[in-house]
S.K.: 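Can you read through this structure? Questions will come right after.
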Amino acid sequence: MTAAVVLRESKPAPGLRRLRRWRDMGGVAALISRSFPRGVDRGGRRMLAEMSALGRAGILGWLVAPLVVPSTAYSEGFVWEEAGSIIGNASLTEVEGCPGRFVLANVAVDPDYRRRGIGRALVESSMDLARKRGATLLLLQVEPDNRPAVHLYEAQGFQTLTKRTLWAFHPLPTASAPGWALETRPRLPTEWNEHWALAQRLHPEGLVWPHPLHPSIFRGAGGLGPFGVGGTAHWVWPAEGTPRGWVTARRTGERGGWRLVLLLEPEAHGRAERPLLRRALAELERRARRVVVELPAGVADSELTGQGFVAERTLAWMARDWRAAPHP
Ligand SMILES: CC(C)(COP(=O)(O)OP(=O)(O)OC[C@H]1O[C@@H](n2cnc3c(N)ncnc32)[C@H](O)[C@@H]1OP(=O)(O)O)[C@@H](O)C(=O)NCCC(=O)NCCS
């Protein structure tokens, strides 16, 4: 009998317990650092550094953390503990503003404890918890060639929704983009509803990958110039006077970091990417140290490489969808 079968039969599983969000921060950060063989991305590294520092600060860190970590970020989940150390974790976040949508993240088991059913126990418990919280859709992202993880998720009924590539651009002082102003223009304040409606149509799953789709991303700048107070700006690519493509520039948490959100009507594909990207890059030239944009894998590759973007990683988004299933 395998260890996995033993765990399936014994309830509750011995080392499994609910995540204590602040107290477990240091232990979870250490586990993630040693569990991901290819390392984590820049955003992940920043998050881990913050979690480790807050974890090291003990009670002070637990008190400060709620002030600096977004209230919804990885607020729930499970850990697996062995001899007082966290050797497994799965975190759950509700997508803000999208009732019923949850994200599963940080699924990791210490290399010395793998193939014993711990990963599956963490994922199954998180799925049960998500269901109790009213989840109808549970999303996660994974490297498509991460066979153990993909196998684990597929066995739990997750299906791949999309594969998305993160592209990054590092502006140079000489990067200029003549001609962009003729084909694009700033979005008018009155156009935000239309922009928001397109975002909802293109992203029924409730995410502008990887962030929650929220009207605040698309609302107007309030007459304070294109970048407004919060540092968000929008431009459109009109065809015969009507916007058919939209780009939004938003600050990321990183110093000098910006993220673009590109939304195109189907007929604008192949025509709007280049002028919109050039517009955004030109406008960000003196503000940005790094600009990222995430798009479905294989879409607009030549337009992005043509503008100097480099593909950093492609991740699969998988979903466990309970919407069509009868109530348990
Ligand atoms: C993915 C991971 C969490 C699995 O944890 P685990 O405790 O070893 O998994 P389990 O023992 O519960 O196995 C779960 C299933 O995955 C399968 N599996 C686990 N490792 C596997 C491997 N190396 N190759 C193929 N299948 C594998 C098991 O056979 C089992 O399948 P079954 O339910 O059909 O028997 C672990 O490998 C890990 O931490 N990897 C590094 C971090 C990572 O990539 N996390 C995923 C991020 S999206």
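This chain uses plain numbering: 1 for the first residue, then up along the sequence. In each ligand, atom 1 is the first atom listed, and ligand 1 is the first ligand listed. For the numbers below, each heavy atom of this structure counts, side chains included, while hydrogens, waters and symmetry mates do not.
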S.K.: Going by the order shown, which atoms of ligand 1 are within less than 4.0 Å of some heavy atom of S35?
M.R.: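 Near S35, the atoms of ligand 1 are 41 (C), 42 (C).
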S.K.: Taking C-beta and beyond as the side chain, do R244 and R271 meet within less than 4.5 Å on heavy atoms?
M.R.: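 No. Closest side-chain heavy atoms not under 4.5 Å.
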S.K.: May I ask you to say whether E76 pairs ionically with R21, meaning some side-chain N is under 4.0 Å from a carboxylate O?
M.R.: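 Not counted as a salt bridge, because no side-chain N and carboxylate O are separated by less than 4.0 Å.
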S.K.: Should the pair D128-R133 be classified as a salt bridge under the 4.0 Å nitrogen-to-oxygen rule?
M.R.: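 Salt bridge: no.
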S.K.: Is the centre of the W167 ring less than 6.0 Å from the centre of the F309 ring?
M.R.: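 Aromatic pair excluded; centres sit 6.0 Å or further apart.
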S.K.: Can you find an N/O atom of A108 closer than 3.5 Å to an N/O atom of ligand 1?
M.R.: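 There is no such contact.
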S.K.: If you measure every N/O of G119 against every N/O of ligand 1, is any gap under 3.5 Å?
M.R.: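 The answer is yes, given that G119 and ligand 1 share an N or O pair closer than 3.5 Å.
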S.K.: So is R115 polar-close to ligand 1, meaning N/O to N/O under 3.5 Å?
M.R.: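 Indeed, backbone or side chain, R115 has an N or O that close.
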S.K.: Looking at A149, which atoms of ligand 1 are within less than 4.0 Å of one of its heavy atoms?
M.R.: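 Ligand 1 atoms under the 4.0 Å threshold to A149: 1 (C), 46 (C).
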S.K.: Hey, is Y153 touching ligand 1 through its side chain, its backbone, both or neither, going by heavy atoms under 4.0 Å?
M.R.: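 Side chain only; the backbone of Y153 stays clear of ligand 1.
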S.K.: Considering distance alone, does some N or O of R120 sit under 3.5 Å from an N or O of ligand 1?
M.R.: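 Looking only at distances, the answer is yes, because the N/O contact criterion of under 3.5 Å is met.
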S.K.: Where on A155 is there a heavy atom closer than 4.0 Å to ligand 1, on the side chain, on the backbone, on both, or on neither?
M.R.: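 Under 4.0 Å from ligand 1, A155 contributes no heavy atoms.
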S.K.: Between R101 and E94, does any NZ, NE, NH1 or NH2 come within less than 4.0 Å of an OD or OE carboxylate oxygen?
M.R.: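 The answer is no: the pair does not qualify as a salt bridge.
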S.K.: May I ask you to check whether R116 has an N/O atom sitting below 3.5 Å from an N/O atom of ligand 1?
M.R.: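 Looking only at distances, the answer is yes, because the N/O contact criterion of under 3.5 Å is met.
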S.K.: Does an N or O from N146, backbone or side chain, lie closer than 3.5 Å to an N or O of ligand 1?
M.R.: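 In this structure, N146 places an N or O atom under 3.5 Å from an N or O of ligand 1.
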S.K.: Any salt bridge linking R259 with E294? Criterion: basic side-chain nitrogen under 4.0 Å from a carboxylate oxygen.
M.R.: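 Looking at R259 and E294, the cut-off is met.
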S.K.: Out of G117, A90, P111, who is nearest to atom 11 (O) of ligand 1 when you count heavy atoms only?
M.R.: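 Nearest option to atom 11 (O) of ligand 1, by heavy atoms: G117.
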S.K.: Which bit of V109 gets closer than 4.0 Å to ligand 1, counting heavy atoms only: side chain, backbone, both or neither?
M.R.: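 Both of them.
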S.K.: List ligand 1 atoms under 4.0 Å from L152, heavy atoms only on the residue side.
M.R.: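 Heavy-atom distances to L152 below 4.0 Å select 14 (C), 16 (O).
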S.K.: Looking at non-hydrogen atoms alone, which of E143, R114, R147, H151 comes nearest to atom 16 (O) of ligand 1?
M.R.: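 Answer by nearest heavy atom: H151.
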